[in-house]
Number of protein chains: 2
Amino acid sequence: MPRLAEVFRSHGYEGATLALISQATGLGKGSLYHFFPGGKAQMAAEVLAGIDSWFEVNIFTPLRTSDDPARAVATMVGAVDSYFQSGHRMCLVGVIALGASRDTFAGQVQDYFRRWNDALALVLRRSGLSASVARRRSADALVTIQGALVLARALDDSRVFGQAMADMTTRLLAKPD
Amino acid sequence: MPRLAEVFRSHGYEGATLALISQATGLGKGSLYHFFPGGKAQMAAEVLAGIDSWFEVNIFTPLRTSDDPARAVATMVGAVDSYFQSGHRMCLVGVIALGASRDTFAGQVQDYFRRWNDALALVLRRSGLSASVARRRSADALVTIQGALVLARALDDSRVFGQAMADMTTRLLAKPD
DNA sequence: CAGAGATTGTACCGATCGGTACAGCGAGTC
DNA sequence: GACTCGCTGTACCGATCGGTACAATCTCTG
């Protein structure tokens with residue numbers, strides 16, 4: 001499964017051919033279609049679901065249940081930085097959102113970002129921010145993460161990612177303006 | 001050419017099949033390969049070059065030659081908003097940066113963002129910012145634009161893009177911290 | 001050890017991929 | 001009207017696409 005995810009991550013949905021998948025996982029087509037009768041679409045859907053549940057456990061839930069906003073944000077940033085390997089690893093959800101396969105997985109993609117956004121806004125509200133400011137800042141954080149991944153990869157410079165994460169943290173924790 | 005660009009934009013490099021290109025442009029394969037003997041790669045390269053020169057004329061040069069930073073930033077934001085149709089249109093350069101075809105066009109992609117970054121940092125320095133702050137803010141702006149495009153598309157909500165552009169403008173023009 | 005069910009490799013399917021070859025077409029030139 | 005030459009449609013190429021069929025093989029239970 002992790003191998004499968006990595007293929008989609010680095011080749012996109014249309015670029016991830018069954019030959020590549022077969023090679024990366026070490027499984028023949030027979031096995032692949034035994035476990036995923038729905039073919040490529042099902043593989044991608046399950047990978048997305050796996051990512052979703054990783055984020056649910058490691059990011060969303062900690063945000064929702066935290067009683068210390070500053071600490072919660074710091075934890076999130078740490079988890080994000082390690083998950084995306086400081087900008088070297090792509091966000092599959094973002095990659096799919098940009099591709100032609102977006103429509104097929106629109107629901108899952110939307111759900112993922114929406115839940116992240118809600119969880120982050122919740123913890124920001126708890127820090128004393130108004131609902132509108134909290135939502136604005138949480139959306140800004142997601143924008144920054146996705147943009148930092150794009151730009152770091154485009155410029156082939158992971159310092160861009162690190163700097164963006166630092167700036168984002170400052171902005172998230174700034175006192176209400 | 002604009003039709004060609006739109007095919008790559010909405011399907012990505014690998015997703016843009018010759019059949020789609022032929023249909024979108026109304027040209028048969030014969031004509032396509034007459035104008036682009038290098039095939040798909042040449043088409044994409046020329047589309048990228050076209051985008052690059054559009055940004056050079058409409059964004060980069062105005063930034064470099066402006067003597068009023070606030071006005072220059074406002075003009076850039078306006079041009080960006082109209083070019084990306086308030087978040088409904090994708091950034092082909094970003095799309096390619098994320099795809100498997102990244103390596104093929106790495107030079108062009110890198111050049112595009114680097115020149116944008118340099119031009120924006122220049123105008124920020126002119127507004128009185130130190131070199132390091134100017135570069136940090138300009139990179140932040142590019143991150144925000146790319147991220148806003150990703151998130152707006154993922155959430156299918158162009159308000160995300162508008163809000164991000166507004167926040168970004170404020171940040172770019174804020175007094176030195 | 002026998003039998004059942006899960007798992008696998010391999011051959012194969014029609015469709016489509018990017019790309020080539022080439023015969024024709026029309027608009028100019030002499 | 002013959003000739004060229006830039007352009008176009010079409011037929012075709014081998015390779016690969018996602019997917020199927022199925023026999024062979026494992027593995028586990030009794």
Side-chain angles (χ1 to χ4, degrees), chain A residues 1-51 90 92-109, chain B residues 1-51 90 92-109:
Chain A
M1 272 289 281
R3 317 259 187 113
L4 188 54
E6 224 51 49
V7 179
F8 282 117
R9 228 187 285 275
S10 53
H11 293 88
Y13 181 73
E14 17 274 334
T17 69
L18 286 185
L20 279 171
I21 294 171
S22 179
Q23 183 200 343
T25 58
L27 296 172
K29 285 203 215 179
S31 314
L32 250 21
Y33 275 84
H34 176 73
F35 294 116
F36 306 99
K40 233 175 93 166
Q42 185 183 351
M43 297 180 206
E46 293 200 15
V47 165
L48 278 178
I51 292 173
M90 284 292 94
L92 178 57
V93 190
V95 168
I96 285 191
L98 287 194
S101 55
R102 173 210 174 207
D103 297 358
T104 315
F105 307 104
Q108 281 183 271
V109 167
Chain B
M1 273 288 282
R3 316 258 186 113
L4 188 53
E6 223 52 49
V7 178
F8 281 116
R9 227 187 286 275
S10 52
H11 293 88
Y13 181 74
E14 16 274 334
T17 68
L18 286 186
L20 278 172
I21 294 171
S22 180
Q23 184 200 341
T25 57
L27 295 173
K29 284 204 216 178
S31 313
L32 250 21
Y33 274 84
H34 177 74
F35 293 115
F36 306 98
K40 232 175 93 167
Q42 185 184 350
M43 298 180 205
E46 293 200 14
V47 164
L48 278 178
I51 291 173
M90 284 293 93
L92 178 58
V93 190
V95 168
I96 285 190
L98 288 195
S101 55
R102 173 210 175 209
D103 296 357
T104 316
F105 306 104
Q108 282 183 270
V109 167

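Computed from a predicted structure; not experimentally measured. Throughout, protein chains are lettered first and strands after them, A, B, ... in sequence-line order, and every chain is numbered starting at 1. For the numbers below, each heavy atom of this structure counts, side chains included, while hydrogens, waters and symmetry mates do not.
Here the shortest heavy-atom pairing between A/F36 and A/Q42 reads C-OE1, 3.3 Å. The shortest heavy-atom contact between A/A41 and A/F105 is O-CE2, 3.7 Å. Nearest heavy atoms, A/T25 versus A/I21: OG1-O, 2.7 Å. Nearest heavy atom pair, residue B/G28 against residue B/S22, reads CA-OG, 3.8 Å. The heavy-atom pair separating A/E14 from A/K40 by the smallest distance is O-NZ, 3.8 Å.
Side-chain atoms of A/L98 and B/M90, non-hydrogen and from C-beta on, do get closer than 4.5 Å to each other.
Each of B/V95, B/V47, B/L92, B/L4 was scored for a side-chain contact (heavy atoms from CB on, under 4.5 Å) with B/R9, with one residue passing: B/L92.
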Evaluation steps, salt bridge (Lys or Arg N to Asp or Glu O under 4.0 Å), between A/R3 and A/E6: CA-CA 5 Å; A/R3 317 259 187 113; A/E6 224 51 49; over 6 Å; no

Tabulate protein N/O versus nucleotide N/O from nucleotides 5-9 of chain D, keeping only pairs under 3.5 Å, one per line.
unit_1	atom_1	unit_2	atom_2	d
D/dC7	OP2	B/H34	NE2	3.0
D/dT8	OP2	B/S31	OG	3.4
D/dT8	O5'	B/S31	OG	3.1
D/dG9	OP2	B/G28	N	3.0

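Within the nucleic acid shown, B/A41 has no heavy atom closer than 4.0 Å to any nucleic acid atom.
Here chain B contacts DNA chain C (any atom closer than 4.0 Å to a heavy atom, that is under 4.0 Å), and the contacts span C/dC17 to C/dT20 from 5' to 3'.
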